[in-house]
Amino acid sequence: MVENSTNELLVRIEERQGQFSKGQKRLADYVIKNYDKAVFLTAAKLGDVVGVSESTVVRFATQLGYKGYPGFQKALEELVRNKLNSIQRMEVTYGRISQSEILETVLHSDIEKIKMTLESIDQKAFNLAIDTILNAKRIYVIGIRSCAPLASFLSFYLNLVCENVMTVNTNSSSEIFEQLIRIDESDVIIGISFPRYSMRTLKALEFASNRKAKVITLTDSVHSPMNLYSSCNLIARSDMASIVDSLVAPLSVINALVVALCMKKQQDVVTTLETLEKIWGEYQVYSSDELNQVNMEIE
């Protein structure tokens with residue numbers, strides 16, 4: 001699926017080569033050779049780099065069949081998705097953001113990711129994920145590297161709502177399969193992965209799928225390889241061009257999952273929390289100051 005979307009832009013350029021002006025031919029040549037840089041340039045900046053006007057860049061995008069420059073840039077994003085290494089991502093970030101604008105730029109970018117996620121997420125897939133989790137005998141959650149905190153966070157709260165929740169330890173591939181050895185059609189696995197996609201997560205989902213388990217994915221695109229084995233795809237935007245992955249939108253989707261599950265199992269959750277409060281008090285899990293603060297907020 002990734003290759004098909006990758007080829008689409010390049011095929012369009014190749015098919016229209018004979019129709020391009022001299023400036024557009026320079027643009028096409030630059031994009032083909034430097035798409036990893038072009039994707040982060042505005043129309044004006046791309047024009048400056050190539051030596052053509054901004055209007056020539058916009059006409060180039062339109063001639064390729066896109067709705068102006070934003071549509072062309074979206075196609076470029078699909079082209080470079082998952083292909084930038086950490087060093088390239090860092091170089092791009094330093095080239096786009098000045099030191100004085102870092103806080104504002106990053107926060108606005110995260111806000112934008114949540115907005116785009118809200119606009120595009122599939123409500124039916126979200127509801128299916130809730131029902132699948134509630135009906136599962138066992139729930140496995142896997143996320144590797146930067147996605148490991150998301151998997152841990154989700155598992156922590158799922159454990160308050162559901163029984164038999166397991167965070168898959170991901171130190172080695174063999175260890176992953178050993179933990180999944182009993183997974184079957186009555187179980188569900190939730191795989192979390194964003195570019196650069198984890199092969200270990202993908203293999204775990206393949207393993208679970210082969211054993212007829214339900215597979216839910218939380219990833220960044222319909223083109224993500226994580227969706228090859230899933231019956232329920234939750235899409236959250238994360239494509240910040242930086243060494244740091246933007247995982248704010250995925251975390252918001254996880255929060256929504258937990259809240260929806262709690263709403264479905266309100267009485268069970270209340271009972272669990274009442275028991276936990278007694279345990280926390282008996283074993284002094286929280287300091288008295290923290291407990292008093294919580295009580296004051298509740299009152």
Side-chain angles (χ1 to χ4, degrees), residues 1-85 88-98 100-102 104-121 194-196 219-224 235-246 248-249:
M1 296 172 70
V2 177
E3 288 302 317
N4 288 339
S5 86
T6 297
N7 289 338
E8 181 187 354
L9 173 57
L10 301 181
V11 167
R12 289 191 186 193
I13 291 176
E14 184 178 351
E15 288 177 345
R16 293 166 174 81
Q17 280 281 6
Q19 305 169 19
F20 294 154
S21 66
K22 288 183 178 180
Q24 290 174 335
K25 286 180 180 177
R26 292 206 302 273
L27 277 168
D29 187 57
Y30 180 84
V31 168
I32 291 170
K33 294 178 180 178
N34 303 281
Y35 54 82
D36 57 329
K37 297 182 179 68
V39 67
F40 301 112
L41 301 176
T42 63
K45 287 184 178 179
L46 179 56
D48 288 341
V49 170
V50 178
V52 299
S53 66
E54 181 179 356
S55 60
T56 298
V57 176
V58 174
R59 284 196 299 272
F60 175 70
T62 304
Q63 195 161 336
L64 288 174
Y66 297 107
K67 294 181 179 178
Y69 191 74
F72 170 71
Q73 199 165 37
K74 181 70 175 176
L76 273 174
E77 288 176 5
E78 292 296 334
L79 182 63
V80 302
R81 186 181 299 279
N82 201 34
K83 290 191 176 182
L84 296 186
N85 62 36
Q88 290 170 322
R89 294 170 75 186
M90 186 168 62
E91 289 174 345
V92 166
T93 300
Y94 291 163
R96 295 173 70 198
I97 307 174
S98 68
S100 62
E101 299 173 333
I102 290 175
E104 181 181 357
T105 301
V106 172
L107 265 61
H108 275 300
S109 178
D110 280 340
I111 291 169
E112 197 61 29
K113 298 297 180 295
I114 293 176
K115 287 181 178 178
M116 289 189 290
T117 298
L118 180 60
E119 291 170 359
S120 61
I121 196 165
F194 293 85
R196 302 153 73 184
T219 188
D220 70 311
S221 167
V222 292
H223 302 297
S224 168
I235 306 300
R237 297 299 294 268
S238 71
D239 46 332
M240 173 179 281
S242 166
I243 192 172
V244 179
D245 295 319
S246 176
V248 173

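Everything quoted here is computed from the prediction, not taken from an experiment.
I13 and F20 get closest at one heavy-atom pair: O-CE1, 3.8 Å. In terms of heavy atoms, F72 sits closest to A61 at CB-CB, 3.5 Å. What you find for A236 and F194 is that their closest heavy atoms are O-CE2, 3.3 Å. Of all non-hydrogen atoms in A38 and Y30, the two that sit nearest each other are CB-CE2, 4.0 Å. Residues S246 and K113 come closest through the heavy atom pair OG-CG, 4.1 Å. Residues A249 and T117 approach most closely at CB-OG1, 3.4 Å, considering heavy atoms.
Residues that satisfy the side-chain hydrogen bond (donor to acceptor under 3.5 Å, both in side chains) test with Q24, not counting sequence neighbours, are Q63. Taking the side-chain hydrogen bond (donor to acceptor under 3.5 Å, both in side chains) definition, one finds that S120 meets it with nothing, sequence neighbours left out.
Under the 4.5 Å side-chain criterion, counting only non-hydrogen atoms from C-beta, I235 is in contact with T219. With a 4.5 Å cut-off on side-chain heavy atoms, L41 and D48 do not count as touching. Using a 4.5 Å heavy-atom cutoff, the side chains of L46 and Y69 are in contact.
Taking CD1 from I121 and CE from M116, the interatomic distance works out to 13.0 Å, rounded to the nearest 0.5 Å.
Applying side chain to side chain contact (heavy atoms under 4.5 Å, CB included) to Q19 and the options Q17, R16, E15 leaves one that passes, R16. Checking each of T56, V31, V49, V52 against R26 for a side chain to side chain contact (heavy atoms under 4.5 Å, CB included) leaves exactly one that passes, namely V52.
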